[in-house]
Amino acid sequence: MAETLTIRRPDDWHLHLRDGDMLKLVAPYTARQFRRAIVMPNLVPPITTAAAAAAYRERIRAAAGPDSDFEPLMTAYLTDTIDPQEIARGFEAGILTACKLYPAGATTNSQSGVTDIRKIDAVLAVMAQIGMPLLIHGEVTTADIDIFDRERVFLERILGPTMDRFPDLRIVLEHITTSDSVEFVRAGGENIAATITAHHLRIDRNDMLAGGIRPHLYCLPVAKRRQHKEALRAIVATGHPKFFLGTDSAPHARCDKESACGCAGIFSAPVALESYAETFEELGCLEHLSAFAGEHGPRFYRLPLNEGTVTLERTGLDIPVRIDPDGQQLTPFHAGERLNWRLTDR
Ligand code: DOR
Ligand code: ZN
């Protein structure tokens, strides 16, 4: 059994870093593991202009620390009234890498999201024309649809018709959780890909709900039944190039998670690569980890692959129950567990 695993330096193609003290606390965890990350814009207020993205990028760089070469890749938050020219200018200036579509009400800080996708037709047309990726939180939000069906119904009602109307639009379906999404992306054209989180490869709804409710495993899209997790695991095990790493690491203070109305989000940044490695080893496909974490993403985004490598050792890693016990009190993914692999310091 191999004792070390060396992979191309990886990127995280879906990440929440927040702002202020929380940003300062969490950014170093990602910067230690990843060279670049696609940073989600769902701050309060959301990032809707190139200027706001550029200023946020500076705060992230400062939080990553002076010795870090971490590169934040910025996104704009689409609203019903966002200006297509602002988006295009930000993309062409190299400030914005992509736009994020949150259906209004779908998740954390999505109140300003899009209420009807047809309201952003002008933006989508410009994005298709300039080749700017659209990153989608793919869930319908109407109250009549069961929360476990929201992703599947989004494919039928929103994503399929939108792709018919904008066949050249380049789309990343984010944090997929269902066999339906696996099949939709696999069967689609070259302009659609998907990110898969470390947690959706490991947990199903029983892990969250059976024998007691575990708020630290609550995220959106919510973990589904086991067969869906198995579909996600099966597709990464094939090394399929349309599926790549996006942690959706989403920190919330412990008191906001352990609450009568707990926030959605799993803070996986401190253990992300170790968690993916654990899964890929269980699946017998460790040989695909390097491309999943460091090649499929940049190829879709038309960005250069990272130089260099990182190494994981099979020395075991004990995950703390709590991070920063005096401050924000974050509970990381895998809290209290022992993982096989440990990322070595470069
Ligand atoms: O679980 C989630 N947390 N899903 C999202 O879509 C948003 C994220 C957050 O910002 O907390
Ligand atoms: Zn997210």
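When reading the values below, keep in mind they use all heavy atoms of this one structure, side chains included, and skip hydrogens, waters and symmetry mates.
Salt bridge R338/D318: present, at least one basic N to carboxylate O contact under 4.0 Å. For the pair D149 and R152, the salt-bridge criterion is met [side-chain N within less than 4.0 Å of a carboxylate O]. Using a cutoff of 4.0 Å between basic side-chain nitrogens and carboxylate oxygens, R202 and D207 are not scored as salt-bridged. A salt bridge does not link R89 to E92: none of the charged nitrogens lies less than 4.0 Å from a carboxylate oxygen. Here R57 does not pair with E71 in a salt bridge; the nearest charged N to carboxylate O distance is not below 4.0 Å. Here R342 does not pair with E274 in a salt bridge; the nearest charged N to carboxylate O distance is not below 4.0 Å.
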For residues 45-55, run the donor-acceptor check on the side chains, cut-off 3.5 Å, and write out each pair with its distance to 0.1 Å, sequence neighbours left out.
residue, atom, partner, partner atom, Å
T49, OG1, A52, N, 3.0

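No continuous path of hydrophobic side-chain contacts links I176 to M208 [ILVMFWY only; heavy atoms under 4.5 Å]. Transitive grouping of hydrophobic side chains (ILVMFWY, heavy atoms separated by less than 4.5 Å) brings I130 and I136 into a common cluster. Taken together through direct or relayed side-chain contacts under 4.5 Å among Ile, Leu, Val, Met, Phe, Trp and Tyr, L124 and L96 form part of one hydrophobic cluster. Both M163 and V126 belong to a single network of hydrophobic side chains, linked directly or stepwise wherever heavy atoms of I, L, V, M, F, W or Y lie under 4.5 Å apart. Clustering ILVMFWY residues whenever any of their side-chain heavy atoms sit less than 4.5 angstrom apart, transitively, puts L232 in a cluster other than the one holding L220.
Counting heavy atoms from C-beta outward, R225 and D204 have side chains that stay 4.5 Å or more apart. Using a 4.5 Å heavy-atom threshold, the side chains of I192 and V172 count as separate. Using a 4.5 Å cut-off on side-chain heavy atoms (C-beta onward), N42 and R18 make contact.
K24 NZ: 12 or fewer foreign heavy atoms inside a 6.0 Å radius. The environment of CD in E307 is sparse: at most 12 heavy-atom neighbours from other residues, nucleotides or ligands sit within 6.0 Å. For R165, the CZ atom is densely surrounded, since the number of other residues' heavy atoms within 6.0 Å is greater than 12. For CZ of R226, the number of neighbouring non-hydrogen atoms (other residues, nucleotides, ligands) closer than 6.0 Å is 12 at most. Environment of CD in Q227: crowded, with over 12 heavy atoms of neighbouring residues, nucleotides or ligands closer than 6.0 Å. More than 12 non-hydrogen atoms from other residues, nucleotides or ligands lie less than 6.0 angstrom from CZ of R322.
With hydrogens and angles disregarded, no donor-acceptor distance shorter than 3.5 Å links the side chain of Y218 to the backbone of I213. Side-chain N or O atoms of Q33 include one that pairs as donor or acceptor with a backbone N or O of L273 at under 3.5 Å. Distance alone, capped at 3.5 Å, is enough to place a donor-acceptor pair between the R314 side chain and the A2 backbone. Judged by distance alone, the side chain of S110 and the main-chain N or O of G105 form a donor-acceptor pair under 3.5 Å. In this structure, T344 contributes its side chain and T311 its backbone to a donor-acceptor pair below 3.5 Å. Looking only at distances, no side-chain donor or acceptor of E281 sits under 3.5 Å from a matching main-chain atom of A277. No donor-acceptor distance shorter than 3.5 angstrom exists from the side chain of D11 to the backbone of P298, with no hydrogens or angles considered. Although no hydrogens or angles enter the test, the distance criterion places a donor-acceptor pair under 3.5 Å between the side chain of D12 and the main chain of T247. In this structure, the side chain of K257 engages the main chain of C263 through a donor-acceptor pair within 3.5 Å. Remark: the backbone N or O of R205 is not paired with any side-chain donor or acceptor of K229 at under 3.5 angstrom.
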(message) Checking D168 against N191 for the side chain to side chain donor-acceptor pair (under 3.5 Å) test, could you report, in this order, the C-alpha distance in whole Å, the side-chain angles of both residues, the deciding distance, and whether it holds?
(response) CA-CA 7 Å; D168 298 329; N191 58 334; 5.9 Å; no
Q) For E190 and R170, what are the C-alpha separation, side-chain angles and deciding distance, and is it a salt bridge (charged side-chain N to carboxylate O under 4.0 Å, His left out)? A) CA-CA 8 Å; E190 285 308 301; R170 311 187 63 248; over 6 Å; no
Is there a side chain to side chain contact (heavy atoms under 4.5 Å, CB included) between F333 and I319? Walk through the geometry before answering.
CA-CA 8 Å; F333 187 41; I319 317 301; over 6 Å; no
(request) Show the numbers, then the answer: is there a side chain to side chain donor-acceptor pair (under 3.5 Å) between D80 and T115? (result) CA-CA 7 Å; D80 286 353; T115 59; 2.6 Å; yes
(message) Apply side chain to side chain contact (heavy atoms under 4.5 Å, CB included) to residues I87 and I82 and explain how you reach the verdict.
(response) CA-CA 8 Å; I87 297 305; I82 198 155; 3.7 Å; yes
Q: Using the side chain to side chain contact (heavy atoms under 4.5 Å, CB included) rule, take T75 and L135 through it: C-alpha gap first, then chi angles, then the decisive distance, then the call.
A: CA-CA 9 Å; T75 60; L135 317 183; 3.9 Å; yes
field: Candidate pair K224 and T178, rule side chain to side chain donor-acceptor pair (under 3.5 Å), full reasoning
entry: CA-CA 7 Å; K224 308 296 190 296; T178 57; over 6 Å; no
Requested in this report: Report the C-alpha separation of H296 and K242 in whole Å, then their side-chain angles, then the decisive distance to 0.1 Å, and conclude whether the side chain to side chain contact (heavy atoms under 4.5 Å, CB included) test is met.
Outcome: CA-CA 7 Å; H296 301 166; K242 291 171 99 179; over 6 Å; no
Determine whether S268 and H199 satisfy the following criterion, side chain to side chain donor-acceptor pair (under 3.5 Å), listing intermediate values before the conclusion.
CA-CA 8 Å; S268 58; H199 47 274; 4.6 Å; no
What's the verdict on salt bridge (charged side-chain N to carboxylate O under 4.0 Å, His left out) for R186 and E183, showing C-alpha distance, side-chain angles and the deciding distance? CA-CA 5 Å; R186 202 191 55 74; E183 193 42 35; 2.6 Å; yes
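Side-chain N/O atoms of D248 and T197 include no donor and acceptor closer than 3.5 Å. Side chains of T4 and E313: a donor-acceptor N/O pair is absent below 3.5 angstrom, by distance only. Using a 3.5 Å distance cut-off with no hydrogens or angles, the side chains of R254 and H216 do not pair a donor with an acceptor.
The shortest non-hydrogen separation linking A37 to L15 is CB-CD2, 3.6 Å. Across every non-hydrogen atom of R32 and D345, the tightest pair is NE-OD1, 2.9 Å. Across T195 and E174, no two heavy atoms sit closer than the pair OG1-OE1, 2.7 Å. Scanning all heavy atoms of the two residues, the minimum distance from G113 to Y77 falls at N-OH, 3.3 Å. Counting all heavy atoms, side chain and backbone alike, I266 lies closest to I203 at CD1-CD1, 4.1 Å. What you find for M132 and T97 is that their closest heavy atoms are CG-O, 4.1 Å.
Among residues two or more places apart in sequence or in another chain, the salt bridge (Lys or Arg N to Asp or Glu O under 4.0 Å) test is passed with R59 by D19. For F154, there are no ring-ring contact (aromatic ring centres under 6.0 Å, His included) partners at least two apart in sequence or on another chain.
Between H175 and the options H16, H137, H200, a ring pair (Phe, Tyr, Trp, His ring centres under 6.0 Å) holds for only H137. Considering F243, W13, Y276, F244 in turn, Y276 is the only one that fulfils the ring pair (Phe, Tyr, Trp, His ring centres under 6.0 Å) rule with F292.
Because its NZ or CZ atom is not both nearer than 6.0 Å to the ring centre of F70 and within 45° of the ring axis, R36 does not count as a cation-pi partner of that residue.
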